[in-house]
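The shown structure was predicted, so the numbers you read here are calculated from the model rather than taken from an experiment.
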Amino acid sequence: MTTTDWITDIALVLVVFRQLREGRLDLKTFLIPLGIVAFVAHTYLDSIPTEGNDLVLIGALMAVGAALGIAGGVYTRIRVAGEHLLIKAGAVSAVLWVLGMGARMGFQVWVEHGGADDVARFSIAHHITTDQAWVAAFVLMALTEVVTRLATIFLRGRMVAHRQPLAAAARTAPTLDRTA
């Protein structure tokens, strides 16, 4: 792994730790993780292989990313405080985020330190045609996790704001809380 690989992977893991402290749900909440995955996609996603079972691998990892992203968004607390929406990632949300983002990093480290032959055998046995299929699968998994988590948070934030208009929220602060 290159220094850029380490920095991007660690940055993606650290994004959720920033949300362990309650903070405002604002544009930065969406732009920082989207910017990081856009950089990763631009850097590593040259093509999406479609031969053999490449799309099956890609689809399976994207489904895992979607499940982790939706669950992570559900387990993020969203509440109204004054004129603002506040969010706080719960323990479950943090664990799911680290699990998803850490899986990509762990896979890279494992392949570079003895796992390459196992991956090659698996790829041959399951008709995965190139190493680019693995790259595309993990990059799209990360992208899907980020997008579905942010979409879930966005939709839940709209639900909270719709139930209790922000200006009237000073009296009570309803919470959609699924933190653990």
Side-chain angles (χ1 to χ4, degrees), residues 1-21 23-76 87 89 93-155:
M1 286 179 58
T2 67
T3 303
T4 303
D5 295 338
W6 280 105
I7 291 170
T8 359
D9 288 342
I10 291 169
L12 280 169
V13 169
L14 292 177
V15 164
V16 82
F17 289 117
R18 179 178 162 261
Q19 293 177 358
L20 288 175
R21 286 188 9 200
R24 281 181 42 188
L25 178 61
D26 57 13
L27 199 54
K28 287 188 308 188
T29 306
F30 299 100
L31 291 181
I32 291 171
L34 287 174
I36 294 169
V37 293
F39 171 77
V40 169
H42 175 72
T43 303
Y44 297 103
L45 198 57
D46 297 327
S47 65
I48 299 176
T50 59
E51 309 258 334
N53 285 328
D54 294 353
L55 288 177
V56 174
L57 173 70
I58 292 167
L61 288 184
M62 286 179 70
V64 169
L68 290 170
I70 291 168
V74 166
Y75 285 98
T76 298
I87 66 168
S93 181
V95 167
L96 292 171
W97 184 265
V98 171
L99 178 69
M101 295 302 148
R104 189 173 78 88
M105 186 179 356
F107 183 80
Q108 283 179 285
V109 170
W110 175 63
V111 167
E112 289 180 1
H113 294 90
D117 291 340
D118 293 327
V119 172
R121 280 190 293 279
F122 181 90
S123 295
I124 291 167
H126 294 88
H127 308 289
I128 297 167
T129 61
T130 68
D131 60 344
Q132 184 59 31
W134 289 98
V135 172
F138 277 106
V139 168
L140 291 172
M141 175 188 162
L143 178 67
T144 303
E145 183 176 357
V146 168
V147 169
T148 56
R149 181 177 185 274
L150 292 175
T152 303
I153 289 170
F154 176 79
L155 292 173

Rounded to the nearest 0.5 Å, what's the gap from [atom1] on [X] to [atom2] on [Y]? Could you check?
| X | Y | atom1 | atom2 | value |
| --- | --- | --- | --- | --- |
| L25 | I153 | CG | CD1 | 7.5 Å |
| L143 | L45 | CG | CG | 8.5 Å |
| L27 | L34 | CG | CG | 9.5 Å |
| L150 | T76 | CG | OG1 | 9.5 Å |

Inset, instruction - Would you please name every residue forming a side-chain contact (heavy atoms from CB on, under 4.5 Å) with F107, sequence neighbours left out? - result: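 Here the qualifying residues are W110, V111, V119, W134, F138.
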
Inset, instruction - List in chain and number order the residues that pass side-chain contact (heavy atoms from CB on, under 4.5 Å) with R121, two or more places apart in sequence or in another chain; answer none if no residue qualifies. - result: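 side-chain contact (heavy atoms from CB on, under 4.5 Å) list for R121, sorted by chain: D117, D118.
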
Would you name the heavy atoms of [X] and [Y] that are closest together and state the gap between them?
| X | Y | result |
| --- | --- | --- |
| P49 | T130 | CG-OG1, 3.8 Å |
| E145 | W97 | OE2-CA, 3.5 Å |
| T148 | A66 | OG1-O, 3.5 Å |
| A89 | L20 | O-CD2, 3.4 Å |
| S47 | Q132 | O-NE2, 3.3 Å |
| A142 | V37 | O-CG1, 4.2 Å |

List the atom pairs, donor and acceptor, that lie under 3.5 Å between side-chain atoms in residues 53-62 and the rest of the protein, sequence neighbours left out.
residue	atom	partner	partner atom	Å
N53	ND2	H126	O	2.8
D54	OD1	T129	N	2.7
D54	OD1	T129	OG1	3.3
D54	OD2	T129	OG1	2.4

Legend entry - Side-chain heavy atoms of D131 within contact of V135, under 4.5 Å: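 A side-chain contact under 4.5 Å is absent here.
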
Inset, instruction - Using a 4.5 Å cut-off on heavy atoms from C-beta on, say whether the side chain of R104 contacts that of M141. - result: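 Counting from C-beta outward, M141 and R104 never come under 4.5 Å.
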
Inset, instruction - Starting from the C-alpha separation in whole Å, work towards a yes-or-no answer on side-chain contact (heavy atoms from CB on, under 4.5 Å) for M101 and V146. - result: CA-CA 9 Å; M101 295 302 148; V146 168; 3.8 Å; yes

